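This report refers to the structure that appears directly beneath it.
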Amino acid sequence: MDLNTIWFILIAVLFIGFFFLEGFDYGVGILLPFLGKEDRERRAIINSIGTFWDGNEVWMITAGGAMFAAFPNWYATLFSGFYLALVIMLLALIARGVAFEYRSKKDDPVWRNRWDWVIFIGSFVPALLWGVAISNIIRGVPIDQNMNFTGNFFTLLNPYSLLGGLTSLVLFTLHGSIFLSLKLTDELLEGTRKFAKKLWLPSVILLFIYVIFGYYDTDMFSKLGVNPGVIPILAGLAILSVGYFLKIKREGWAFVMTGLTIVFSTITIFMGLFPRVMVSSTNPDWSLTIYNASSSPYTLKVMSIVAVIFVPIVLAYQAWSYWIFRKRISTKQKMEY
Amino acid sequence: MDVLTLSRWQFAITTVYHFFFVPITLGLSIAVAIMQTAYYRTGNEAYKKMTKFWGKLFLINFAIGVVTGIVQEFQFGMNWSQYSRFMGDIFGAPLAIEALLAFFMESTFLGIWIFGWDRIPKKAHLASIWLVAIGSNLSAIWILAANSFMQQPVGYVIRNGRAEMTDFFAIITNGHLWVQFPHVFFGAVATAGFLILSISAYQLVKKGKHEVFKKSFKFGAVYALIGSLLVILVGHTQAQYMVKVQPMKMAAAEALWESENPASMSLFTFGDEKNQKDVFAIKIPGALSFLAYNKFEGEVKGIKNLQKEAEQKYGAGDYVPPVAVSYWSFRIMVGAGFLMLFIAILSTIKAYKEKLEFSSFGYKITFWSVLLPVIANTTGWLFTEIARQPWTVFGLFKTADSVSNTVSAGEVLFSLIAYTVLYAVLMIIMISLIKKYASKDVDEIEKEEAEVDNSVLSKA
């Protein structure tokens, strides 16, 4: 395996980590105004991700940095091409991050309520837009022979990508509701269990329609034939099993399964993409690949050494932080956020 | 306005804004870590209160620093895609390493620190704030490694129509980096020092002489003194380095039109930028040579000569940066720096006297002195980036060639307005919170926390 392939895999891993971790953060933010009736409840919900959300978001930052370092043309084409969509997402993320920190720093109910809606919108928008973005990358966007995006904002809004956005939105919300069922107590626990049950079926339906659409709208499965292979099937089985685990109240397993759904779906998309990193709908030969978009072999080598040393360290201390703060959050305890 | 102008305004606004918060994060994280170390060692409750008080302000600042940093990372690709293609092979690496090595560390351990009070062992909790401080400052090294390459490209070759890295070690041992990082670092120490000074003075005057703020004032004064003194000394070294590697920047900083030997230093120049001459100027003979070489002789090249040299080297074109902006931003930075040193010395003397009495004038000066490092930080960056023009990467790649070629002026105008409005709103909100937390009674903070808990528990 060459370094270009390894870096493709590594960036896929960063996106998987990002969608898995930040996926439930977004879900928690989306559920906040609906699940939490009064202030202490909302605080408990926010505090359930209080320790983690910032570290989770760094997965996205690192994925962006890794794209820049390993595939500068991918970074340049994608980020300049999807300009307005990314501006909207950045505005949402800026407001959301500040909201977590500032929300409980004043006693004023109006102040707090406003921030709660900022958290909602700030979580809703990226949860939707990431699905839109990823779907467009795999579906293909107009790219000329100089790797320049030639479409506009509305090119990105097509049925397939919007369906992708809706799917990621609902799936992340489900993932978040199940995460909360592992972190909350009492009435809140009951509340989030109800949300999880309600969200499960729509998630299944959306995911399956999305896959069917994928057969028509992308060439993702053309290489694979009618039988898409083990990984997409595992994604399907995982999301189906969530319903069962929710029913028997084994939320730990349900969480693992929504997590695996996200992991396997993301792998499927990256497998369909490989060895391309952005599909050109203008001419397949003008697609960006892991070769024409990449950095020099020397840079890839340097970055590989860095990644081999630091990725395990990061994983270790992030895991440790989840371990320290594994306890459930009760509305009766002292809360930081 | 065209895409290039709008994109430059957007970069300037978002970057300057981001850098309001960064130095406070760099300097205050270490300050809070030192305070907590003092608490850990002595068990003195005053240090604990200090840690909590300044820690809260640190967090209010940190939140905006982090979220505005995301824009920084994304906008190279969004607004400067041509630059990203040309420089990605070199520029992407330090950015990715910054995220992997520094951002994960600071964000994860900050979470542990905020939520870890009384939940994890004291030693681990103390270690976590130190890791936040180390992570933040490591991130500064990596981003400055990237910036230093733009000032002084090293360890590269031009191949396949772009700059490709040939020597990673050369990039992280770039001489420019190791004069620039200390300058940024001590600037950050000074910034945090003045923030502590300013708010401590407010507390001492308005709320009475609480032990926590006597200690804080002393800490802030010494911290500001160390920062101001060293930022000036390092700045001097940095200027001498600049004469060697970016002579045009130095010439612009001094509005030095003709080469001189010995070169005089301008105290005040009112110049005619178009015709490249002075209208009115006060100069100290030989002083610039002294600053450049530590002796009163030696040629410092002027703008006109350097323009000719650049034309020979790079072909026809205008290689003169905006002189007035360079000249004044440099002067404001240096002026603010010396004022900071002066105030820091006086404050340190005051801190070591028993009585911390402030005259009304002295209080006002101390309180508002917090603006000086902010001004110096801002003008310093404006200078270093504007006086590098017309280049983004010095001698290699021009700003005009760097901008995204697929983004329209309308789109950039939209984002420029959106960021500016959002940033302005956040600034207002942040200041309201800083006001609230800076004027809190330190003894009340823990009581309030305890009361909230009790009221909840008694209801249940």
Side-chain angles (χ1 to χ4, degrees), chain A residues 40 50-52 54-55 57-58 61-62 64-73 75-81 83-84 86-87 90-91 93-98 100-102 105-106 147-150 153 295-296 298-299 302-303 306-307 310-311 314 317-318 321 324-325 331-334 336, chain B residues 59-60 63-64 66-68 70-71 73-74 76-79 81-82 84-85 88-93 95-101 103-104 107-108 110-112 114-116 119-120 159 164-166 168 404-407 411 414-415 418-419 422 426 429 433 436-437 449 452-453 456-457 460:
Chain A
R40 293 293 294 184
T51 345
F52 312 122
D54 194 6
E57 195 169 81
V58 177
I61 314 269
T62 309
M67 279 166 87
F68 198 176
F71 304 107
N73 284 316
Y75 171 77
T77 303
L78 177 68
F79 281 53
S80 63
Y83 189 81
L84 281 182
L86 283 173
V87 171
L90 286 173
L91 295 171
L93 290 177
I94 292 168
R96 173 177 178 266
V98 175
F100 285 129
E101 191 61 49
Y102 285 9
K105 290 213 158 38
K106 275 192 187 175
M147 300 186 177
N148 286 321
F149 176 78
T150 54
F153 179 61
S295 282
S296 65
Y298 179 80
T299 296
V302 169
M303 290 306 299
V306 173
F310 288 103
V311 171
V314 168
Y317 64 62
Q318 275 211 334
S321 89
I324 315 176
F325 298 104
T331 50
K332 299 181 187 77
Q333 77 183 66
K334 184 182 158 191
E336 306 296 335
Chain B
L59 292 175
I60 293 168
I64 301 193
V66 163
V67 294
T68 52
I70 312 175
V71 176
E73 200 211 27
F74 277 39
F76 296 110
M78 291 169 72
N79 294 86
S81 66
Q82 298 294 94
S84 302
R85 288 185 209 281
D89 200 68
I90 291 158
F91 200 81
L95 247 65
I97 297 173
E98 185 186 18
L100 197 57
L101 194 66
F103 290 161
F104 268 124
S107 60
T108 307
L110 187 69
I112 294 174
I114 299 172
F115 287 80
R119 289 200 183 112
I120 59 172
R159 197 161 46 202
E164 292 193 352
M165 197 194 294
T166 55
F168 179 70
S404 290
N405 49 351
T406 56
V407 179
E411 287 174 319
F414 168 77
S415 58
Y419 288 141
L422 180 61
L426 290 181
I429 293 169
L433 272 185
K436 180 185 164 190
Y437 278 86
E449 283 179 9
V452 171
D453 288 345
V456 174
L457 291 173

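None of these values were measured; they are calculated from a predicted model. Below, chain A is the first sequence line, B the second, and so on; all start at residue 1.
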Interchain contact, [X] with chain B, by part (heavy-atom threshold 4.5 Å):
X	result
A:V302	side chain
A:Y317	both
A:I94	both
A:T77	both
A:M67	neither
A:Q318	both

ask   = In terms of heavy-atom pairs under 4.5 Å with chain B, which of A:F79, A:F325, A:F149 leads?
value = A:F79
key: Choice from A:G97, A:A66, A:A70, A:P72 maximising heavy atom contacts with chain B below 4.5 Å   = A:P72
When only pairs under 4.5 Å are counted, which of [options] shares the most heavy-atom pairs with chain A?
options	value
B:N405, B:I90, B:V66, B:I120	B:N405
B:E98, B:E73, B:Q82	B:E73
B:A63, B:A418, B:A96	B:A96
B:L110, B:T68, B:L426, B:I60	B:I60

Give the minimum heavy-atom separation between [X] and [Y], together with the two atoms involved.
X	Y	value
A:T51	B:G111	CG2-O, 3.3 Å
A:G55	B:T108	CA-OG1, 4.3 Å
B:D89	B:E164	OD2-CA, 3.3 Å
A:S295	B:G88	OG-O, 4.3 Å

Does any heavy atom of chain A fall under 4.5 Å from the side chain of [X], the backbone, both, or neither of them?
X	answer
B:L59	both
B:L422	side chain
B:Y437	side chain

query = Can you check whether B:K436's main-chain N or O pairs, donor with acceptor, with A:K106's side chain at less than 3.5 Å?
reply =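 The answer is no, because no donor-acceptor pair under 3.5 Å joins these two groups.
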ask   = Would you say A:Y75's side chain and B:G77's backbone share a donor-acceptor pair under 3.5 angstrom?
value = yes
ask   = With A:V87, which residues qualify under side chain to side chain contact (heavy atoms under 4.5 Å, CB included), at least two apart?
value =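 Testing A:V87 for side chain to side chain contact (heavy atoms under 4.5 Å, CB included), a comparison that skips the adjacent residues, returns A:Y83, A:L91, B:M78, B:F414, B:S415, B:Y419.
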key: Partners meeting side chain to side chain contact (heavy atoms under 4.5 Å, CB included) with B:I429 (sequence neighbours left out)   = A:Y102, A:W111, A:W115, B:V425
task = Indicate whether the side chain of B:N79 and that of B:S404 have a donor and an acceptor atom separated by less than 3.5 Å.
result = no
message = Measuring from atom CZ of A:F71 to atom CG of A:L78, what distance do you get when rounded to the nearest 0.5 angstrom?
response =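 One finds 13.0 Å between CZ of A:F71 and CG of A:L78.
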